[in-house]
**Q** 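This structure is in structure tokens; I'll ask about it shortly.
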Amino acid sequence: MARIHVEGWAPDHGASTVVDVALADPEKVDEEVEVAGEWAPIDGADDGVEEVAFVDGVRRVDARLTLDEEDGPVPGLCGSYAVGAVRWDRRLRRSRFDAVSVGRLAVFGSGRIAEVPTAGRRLVYRSESIPDTDPAALLRRFHGAMRTAEATLAEGLSRDGVFVVADGPLNDFSATEKVGYVKSHRVPYLSVERRRVVARLGPGQRTPLFLIGAGGDYPRYSWYLRLAAIPGGHGWSGVARAEVASALSLETARRIADRVTAILPAVASEPHLDARAPQNLVPIGALERELRRRLGDPGVVYRALREATMERTR
Amino acid sequence: MTGRGVGRVLGTQHTNTREFRVVLDEDDYLQLDDLVVVATEVPKEGTVRTYGVVTEVEAVYEGAQYESDTHRIAAEGILPGAKVRSARVAVTRVEPEVWVSVDPGELVARAEGAEREKALYVDEMERPLPVGLGRDGAPVYVDLDFFDGRKGGHMSISGISGVATKTSFALFFLRLLTARGDVVGEAAANLRVLVFNVKGEDLLWLDEPNARFDEEAALAWEKLGVAPTPFPSVSFWAPPRPRSGDVVVPDTGGRLEGVEAFSWTPREFVDEGLLRFLFTDASDARNQLSFVSERVQVQLRRFARDVAGRPGAIVLRDPATEPDGGPVTPHVGERVVVDLAGLIGAIEEFLDPPDGDPDPRWSGRTQVGTISAFLRRLHAAEARLGHLVRAGPSRRIDRRAAQVTVVAIQGLHDLAQRFVVGALLAETFAEKERSGRRLPLTVVVLDELNKYAPREGTSPLKEMLVDIAQRGRSLGVLLVGAQQTASRVAPEVVENAAIRVSGRLDAAEAERAEYGWMLPSTRARARLLKPGTMVLSQPSLPVPLVLEFPFPPWATRKEEVAPGADEDPFEGL
């Protein structure tokens, strides 16, 4: 009889392990790229990398828009997103925010487009259009804009030689040293027997690498790692998944996997301070707060938008 | 804006007309007591300048949500956080007087030069007298109009003892007052100072240079515009040594030369009504002793006759039988009063004659018990201050002999101290009352004011001091009173002091209502003030200022006296 566990994450955030078999990618998973035989936990190894940049983005829908066309209303939305990085200097033991930028985007459906009136000096939205009319599709486009900005920033930093840990799955699969960091587990990548090793991981240990999507558009090496031993936790609590582009050599991927596995437990959050502990890393939590702040006060933005559109119709 | 920018007005909290906060630039700082200025654009009014003084300085990690985040930011470095330093500013002035709050985000600059003077209202003071240096090393001023009686008068100095700041500051202030005639103006002419030395012999060296005076102190004095020299014109007075017979020697320990002995003759004692100052204990007023004292005083005046050939001595004769007022030759066996003991003996003959009833003209309807208590008190006083009354040539303290008159009463019993203070204050006040003019000014410096004008009870001396506090301002008698605890001094005396100064205070004392003129932050700091640092409040400035005053160029102990030319070359031989 399996035991029942209460998830450590606050209910609003979902659970860290919502395994949705329906999401299971038809992508082929190669579990034998690093270890062909029986799997055992692998210790991480800190190679003393001097700087780590954590990259993340946040978004907020500022207002739902409607374009009053003669043939009927056209749905739209406008929102703000911010991306940025926390650069952690491990030698100086200091962290700082870097490259924070804010984007504001209006998306309209049905292939229509309109200019959002400028509301205040800083509140300028660029407009885009999608053929769809589904509100979810509008949101996807908006979300995609943020993800692109994140990927661009991560790629730029890693090209400058900074080791990047980006929140969320990888978006750019070029051969640079950047890691996608996935907090929750929605897709069962591993076969049932290999999955068992995850529960045996100690903090600072990882599974062997496995290759996802070989031959497809998004090939990457991935592994599970345990950030912390959660008192009263289940086999998967305190476990995160990370991925690197398989355009890197297997050797490099292993080195990065060892490094990330050894370093990340140091920046894992504490359950009493963070509702998504330990997976929500301390620098990323701080970055999200800072980015949200940079979006501006939602009430102020909303009222400014209303005022600007009212003036135009008057 | 003339000063350097140091930061900007904080925007996350409301500013108001009393206080605002400044977020400091990363490469600059503000410390307590710094003066700042902010220019605010006010619609329809134009630029309004707000001046203020820093009352508190704070720092925090921005981005730290939990206390343990401090470790994450400072030690592990995994959490980005920025140190933010800010300063709290109490508004001292708004110019022009448009009472608006400063705008958030406005540039805050140090107030320097003319801006500093504005912040401190120096531009509005007719006679700004420097009374110390601010933390920035520039002079801090007091508006003399509020000391010398034009708009206000008196100074009250508080502070715990042992830190030697109260008397030091009082003297420092006097030195500036007497040296800066250019500022003091007409009030400087014939200014007289009466100082009581109540502890040690600290004040008996005011005319001697201090050997420990150094360059740094000299620099500070230069900023105050005064040449660092001892007091140029001082006379020292001490009571005569008791039981020294006919030889009158001043009763001081370390210093004899230049110190004059003082005493009153029986004639002076009677004429000036000094009897009342023998009953200065707070309990005396309760048991009718003052009533007897007043009656006896009146009769003494009526009965006293000078004795031919004995200056200062008196005999008591009934004016009804001998109305002529000239000097008399004593009858054989008649009691000639040459000292206090003799006077008390003569009073006793009227109040408690060995062979009969008290003379009703002297005793009134007082009960016998009260009369005995009165006489007991007189005898006790004789033992304690009998040596202060003696016939002979007048040895009154001559307050005209020098600009500063130091009266050494530290060796006297409490009762005798109160007697001397009472007698001298009465004399000074009576003199000014007669002239009816404010000028020339007389400044009286009195430490341990709580002994002379205690909060509880009543006594002739306390009434005298309250009178001076209330009316002295218009009569040009200015009290520089010092006390450990203002809460133990008669409120009328403390409240009438326009200028209030405080050194280090006892923590519990600082919380009392008597120090309501301090800001909460100043009160908290009053426990930590170093010697030489004072908090000053004056009516022309809405906030108290913290100032430092330099080391004195005059000696405060015998050991400090700089070896000079008048040193005895044969000393020790």
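Remember, predicted model here, so these are calculated numbers, not experimental data. In what follows, every chain begins at residue 1, and chains take the letters A, B, ... in the order their sequences are listed. Scope of the values below: all heavy atoms of this structure, side chains included, with no hydrogens, waters or symmetry mates.
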**Q** Do you know which of A/Leu273, A/Val282, A/Val267, A/Val86 has the most heavy-atom pairs with chain B at a distance under 4.5 angstrom?
**A**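 Most heavy-atom pairs under 4.5 Å with chain B: A/Leu273.
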
**Q** Test of understanding: with side chain to side chain contact (heavy atoms under 4.5 Å, CB included), list the residues that count as partners of A/Ile284, not counting sequence neighbours.
**A** A/Phe54, A/Asp56, A/Asp167, A/Asn280, A/Leu281, A/Glu288

**Q** Got more than 12 heavy atoms from elsewhere within 6.0 Å of NZ, B/Lys83?
**A** no

**Q** Using a 3.5 Å distance criterion without hydrogens, assess whether the side chain of A/Glu150 forms a donor-acceptor pair with backbone atoms of A/Gly57.
**A**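 Yes; at least one donor-acceptor contact below 3.5 Å.
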
**Q** Cationic tip of B/Arg116 within the cone over B/Tyr121's six-membered ring, i.e. under 6.0 Å and within 45° of the normal?
**A** no

**Q** What part of B/Ala82 lies closer than 4.5 angstrom to a heavy atom of chain A: side chain, backbone, both or neither?
**A** neither

**Q** Side chain, backbone, both or neither: which part of A/Glu270 has a heavy atom under 4.5 Å from chain B?
**A**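 Side chain only.
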
**Q** With a 4.5 angstrom heavy-atom cut-off, which part of A/Arg96 approaches chain B: side chain, backbone, both or neither?
**A** backbone

